[in-house]
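Everything on this sheet refers to the single structure shown next.
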Amino acid sequence: MASLVRREERGRGPVLHLNSLFKPYPLLVALCLMVLPVSAKRENLKVVTDGNWEEILAGEWMIEFFAPWCPACQQLQPVWNEFAEWGEDLGVNIAKVDVTEQPGLSGRFIITALPTIYHCKDGVFRRYQGARTKDDFLSFIDEKKWQSIEPVSSWFGPSSFMMNMMSALFKLSMFIRQCHNYLTEQVGIPVWGSYVIFALATLFSGLALGLVLVFIADFVFPSRRFSSPAYYQKKHAVEQARLLQQLEEEQEADGEEEEEDEDEYGGREDEWQRGAAAEDAVRRRAVGGGEEEDT
């Protein structure tokens, strides 16, 4: 036993006794033994990221969304760590999400306030809105109080199509922010110059996206003029019918005008005949009167 506890360097060097090391520091050894189980239990506090978030869709989870700069989150962290020590005993996974490092999850769960806590049971999510103490967390899980909370609608579930788009939007916003910081801090471009660059990039990307959509729409729904040779014949027949109808309408209008003109001309002719007859009668009277005077 003495050979196991003792180590000697042959030829030179002091003799090191392990017993001599532990005797002056019994309190330090006791503290190490007390800290080891606690640190092992704190490993139960899992970290959820964009890469492994789908793990929470199986089993039971309690997930905290926090930010390091949030005062309320800082106050909750010791309580959440103590609650995580009971996760194995309760059969629940305790996790946390740093929204500053995982913007996609912030958009996927629509985090509008910090800290935000979600309960998940086999992919069904419920938002915890109770008191934030360890005893309240324990009773929430042990007494299954989460059953009285209405679950999140499937439309707004983190795995839905809408939330996938929201997650992508949040990631894009974070990428744009990082690019802005890089241009202003690393490259030295002024802030207004960075805004001009992003405005031009938005304009050209919109034009490119519009062209792509037009090409896709033209490919999926091709124009009729390219789809069938009979299209031109049909179009020509329709134009001819329209022209014929227009000619008929014009002819009808001309016929009505001619009838009106004939009516007016006929009336005038009657007046002229009447006037001529009246003049003849006057002339005859005048001639008859002259003959009588001569006799």
Side-chain angles (χ1 to χ4, degrees), residues 50 103-104 106-110 112 123 150-177 179-180 183 192-290:
D50 285 319
S106 177
R108 190 179 295 276
F109 286 87
I110 315 180
T112 58
E150 184 179 359
V152 176
S153 173
S154 59
W155 287 95
F156 298 98
S159 58
S160 64
F161 175 78
M162 186 182 300
M163 293 300 102
N164 286 327
M165 294 297 101
M166 187 67 70
S167 175
L169 181 62
F170 271 66
K171 290 180 181 179
L172 178 61
S173 64
M174 183 59 66
F175 174 75
I176 293 175
R177 181 179 178 182
C179 292
H180 174 72
L183 292 175
W192 64 267
S194 177
Y195 290 157
V196 170
I197 292 174
F198 282 110
L200 293 176
T202 303
L203 177 62
F204 286 110
S205 61
L207 292 175
L209 181 60
L211 289 175
V212 171
L213 292 177
V214 169
F215 290 149
I216 293 175
D218 197 17
F219 178 77
V220 177
F221 305 102
S223 178
R224 291 183 178 179
R225 60 183 179 179
F226 299 114
S227 61
S228 176
Y231 173 75
Y232 293 103
Q233 298 178 357
K234 184 177 180 181
K235 182 178 180 181
H236 185 65
V238 171
E239 290 179 355
Q240 286 183 346
R242 182 174 58 82
L243 291 174
L244 291 174
Q245 184 177 2
Q246 186 176 0
L247 290 174
E248 291 177 356
E249 292 177 355
E250 291 178 356
Q251 290 177 358
E252 292 178 357
D254 293 339
E256 292 177 356
E257 291 178 358
E258 290 178 357
E259 290 178 358
E260 292 178 355
D261 294 339
E262 290 178 355
D263 293 339
E264 292 179 357
Y265 181 75
R268 290 177 182 177
E269 187 176 0
D270 293 339
E271 291 179 357
W272 291 340
Q273 291 177 357
R274 291 175 185 175
E279 290 178 357
D280 292 338
V282 171
R283 288 176 183 175
R284 290 174 182 175
R285 290 178 184 176
V287 172

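Note that the coordinates shown come from a computational prediction; the quantities given were computed from them, not determined experimentally.
Here CD1 of Ile216 is found 8.5 Å from CG of Leu209. Values are rounded to the nearest 0.5 Å. Rounding to the nearest 0.5 Å places CG of Leu207 at 11.0 Å from OG1 of Thr202. Remark: Trp192 CH2 to Ile197 CD1 distance equals 9.0 Å, nearest 0.5 Å. From Met165, atom CE reaches atom CZ of Arg108 across 9.0 Å, with rounding to the nearest 0.5 Å. With values rounded to the nearest 0.5 angstrom, Trp155 atom CH2 is found 10.5 Å from Phe161 atom CZ.
A pairwise comparison of heavy atoms in His180 and Ser194 identifies ND1-OG, 2.8 Å as the closest pair.
In the displayed structure, Phe198 atom CZ is contacted under 6.0 Å by more than 12 heavy atoms of other residues, nucleotides or ligands. Under a cut-off of 6.0 angstrom, the local environment of CD in Glu150 is sparse, with at most 12 non-hydrogen atoms contributed by other residues, nucleotides or ligands.
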Audit row: Leu247, Glu250, side-chain contact (heavy atoms from CB on, under 4.5 Å) steps and yes/no: CA-CA 5 Å; Leu247 290 174; Glu250 291 178 356; 4.0 Å; yes

